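Right, one structure below, let's go through it.
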Amino acid sequence: IEIEASPLLMVQEESFFDKNHVKVEIKTKDGQWDVITGTPSLRGGVYKWTVINVEPCVNHDVRILVQGIDVNQSIFNYPYTIAAASLDDLASSGYRPHVPEDVQVEEYLDGKIEVSWTPAKC
């Protein structure tokens, strides 16, 4: 996910804005807000983050946190949910889902085998 923001448009006074403390948080529907730790690129007052390691098959919400020099914080919630990629998009992109976890194999007396696992999100 690529996120671009112009934080100066989010504050009333540029002089109260700490340009070194602009953060992005992202979450899935039922998840918690996770701070994006990477440093954004900055050109012409536009901050740009490239967020990797997100599950493309789930929806995401994004918000931007701008800290003032007085340590007060303003939060801008992006008003739209970023929709999950379609199955066709996932297939054509070459995306490879995470390996399922907790694989268990059970063998029954009648010779049948049952395999179960905790599914990956995508």
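Keep in mind that what you see is a predicted model, and the values were worked out from it rather than measured. These values consider heavy atoms only, across backbone and side chains, with no hydrogens, waters or symmetry-generated copies.
In this view, Glu25 and Arg63 satisfy the side chain to side chain donor-acceptor pair (under 3.5 Å) rule, not counting sequence neighbours.
For the atom pair OG (Ser74) and CD1 (Ile64), the distance works out to 12.0 Å, reported to the nearest 0.5 Å.
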Exercise for the section: For side chain to side chain contact (heavy atoms under 4.5 Å, CB included), just list the numbers for Trp117 and Val103, CA-CA rounded to whole Å, side-chain angles, deciding distance to a tenth of an Å, and then say yes or no. Expected result: CA-CA 4 Å; Trp117 59 87; Val103 176; 4.0 Å; yes
Problem - Pair Lys29-Asn59, side chain to side chain contact (heavy atoms under 4.5 Å, CB included): steps then yes or no - result: CA-CA 7 Å; Lys29 180 180 179 183; Asn59 295 339; 5.8 Å; no
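Residues Val24 and Val22 share a single hydrophobic cluster, defined by chaining ILVMFWY side chains whose heavy atoms lie under 4.5 Å apart. In the hydrophobic clustering of this structure, Val115 does not group with Val99; members are Ile, Leu, Val, Met, Phe, Trp, Tyr whose side-chain heavy atoms approach within less than 4.5 Å, directly or through other members.
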Under 3.5 Å, side-chain donor or acceptor atoms of residues 31-58 against the rest of the protein: list the pairs with distances, not counting sequence neighbours.
{"residue": "Tyr47", "atom": "OH", "partner": "Lys19", "partner atom": "O", "Å": "2.8"}
{"residue": "Glu55", "atom": "OE1", "partner": "Tyr95", "partner atom": "OH", "Å": "3.1"}
{"residue": "Glu55", "atom": "OE2", "partner": "His98", "partner atom": "NE2", "Å": "3.0"}

Would you be so kind as to tabulate the donor-acceptor pairs closer than 3.5 Å made by side chains of residues 75-90, with sequence neighbours excluded?
{"residue": "Thr81", "atom": "OG1", "partner": "Asp61", "partner atom": "OD1", "Å": "2.9"}
{"residue": "Ser86", "atom": "OG", "partner": "Asp89", "partner atom": "N", "Å": "3.1"}
{"residue": "Ser86", "atom": "OG", "partner": "Asp89", "partner atom": "OD2", "Å": "3.3"}

Solution key, residues 104-111 side-chain donor-acceptor pairs under 3.5 Å, sequence neighbours excluded:
{"residue": "Tyr108", "atom": "OH", "partner": "Glu114", "partner atom": "OE2", "Å": "3.4"}
{"residue": "Asp110", "atom": "OD1", "partner": "Lys112", "partner atom": "N", "Å": "3.2"}

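Counting heavy atoms from C-beta on, the side chains of Val62 and Ile3 come closer than 4.5 Å.
A disulfide (SG to SG under 2.5 Å) check over residues 63-95, counting only residues at least two apart or in different chains, returns nothing.
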